[in-house]
Amino acid sequence: ALAYLTCQLSTTPPINPIGTHTLLNKLLPLMSDIARPVRAQLLKLFKALPADEVAPHVEKVILYIRGAMTNISQDVKDDGLNYLEWILDVAGDQVVSGAGCWVKPLKDLASVLGWTVKTAVPVAGKSGWTSAPRTTFGAKKHGQSYPRQMLVLSKFLEYDFKPEEPQP
């Protein structure tokens, strides 16, 4: 079904009788699906959606991306990074300017990387950051996730730190 929808959206002109809003409402929960082929096809479908129709729904999309990035399954977490990269490519400016769309995903990315911020009163000589042990670092399958996570984090930060265009 996802492949069929992707084909319909890839035609010229694209065929989407129900609209992007309705399509996103039905498909966003699949971001955390356990089946890798479903998540891969879903990403292809998302990439076929018109960027200008996705941009108004960034806040809702970010909620599901955050759910995927903090999933217990490492494969779903890795695809969560793919979804985050997609939404940055489609609507990066809206991601960093939307309510809760910058701080919360940044905290999730830090958590995925094993970084946490201490909430207790700081002790003299110690920073406020800690590093949790990376249980998957060095593992054959998941050891490659760390460089990918850093790459997506840098892309995420680039959107926020780029100079703003002056407004008349």
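All values below come from the heavy atoms of this structure, side chains included, with hydrogens, waters and symmetry mates left out. Worth saying up front: this structure is predicted, and the values here are computed from it rather than measured.
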What's the spacing between [X] [atom1] and [Y] [atom2] if we round to 0.5 Å?
| X | Y | atom1 | atom2 | value |
| --- | --- | --- | --- | --- |
| L157 | L153 | CG | CG | 4.5 Å |
| S154 | M150 | OG | CE | 7.5 Å |
| L81 | L151 | CG | CG | 9.5 Å |
| L84 | I62 | CG | CD1 | 6.0 Å |
| E59 | K104 | CD | NZ | 9.5 Å |
| I87 | F156 | CD1 | CZ | 11.5 Å |

Hydrophobic clustering (ILVMFWY, side-chain heavy atoms < 4.5 Å, transitive) - are [Y] and [X] grouped together?
| X | Y | result |
| --- | --- | --- |
| L109 | F161 | yes |
| L42 | V76 | no |
| W115 | V152 | yes |
| W86 | L9 | yes |
| Y4 | L43 | no |

Using every non-hydrogen atom in the two residues, find where [X] and [Y] come nearest and quote the distance to one decimal.
| X | Y | result |
| --- | --- | --- |
| K77 | N71 | CE-O, 2.6 Å |
| D75 | R39 | CB-NH2, 3.5 Å |
| G80 | I65 | O-CG2, 3.8 Å |

Handout entry: Flag, side chain of T6 to backbone of L2, donor-acceptor distance under 3.5 Å
Key = yes

Exercise for the section: Mark yes or no for whether Y83, through its side chain, and A68, through its backbone, hold a donor-acceptor pair below 3.5 Å. Expected result: no

Fill in the blank from the handout: For residues 43-56, the side-chain hydrogen bond (donor to acceptor under 3.5 Å, both in side chains) pairs (sequence neighbours left out) are T20-E53

Exercise for the section: Return the set of residues passing side-chain contact (heavy atoms from CB on, under 4.5 Å) with T22 (not counting sequence neighbours), or none when no residue passes. Expected result: I18

Problem - For L63, all residues meeting side-chain contact (heavy atoms from CB on, under 4.5 Å), sequence neighbours excluded - result: R66

Fill in the blank from the handout: Q94 meets the side-chain hydrogen bond (donor to acceptor under 3.5 Å, both in side chains) criterion, sequence neighbours left out, with none

Problem - All side-chain hydrogen bond (donor to acceptor under 3.5 Å, both in side chains) counterparts of R36, not counting sequence neighbours - result: D79

Hey, can you pull the donor-acceptor pairs under 3.5 Å for the side chains in residues 23-34, sequence neighbours left out?
from : atom 1 : to  : atom 2 : distance (Å)
N25  : OD1    : K60 : NZ     : 2.5
N25  : ND2    : H21 : O      : 3.4
N25  : ND2    : H21 : NE2    : 3.2
D33  : OD1    : A35 : N      : 2.8

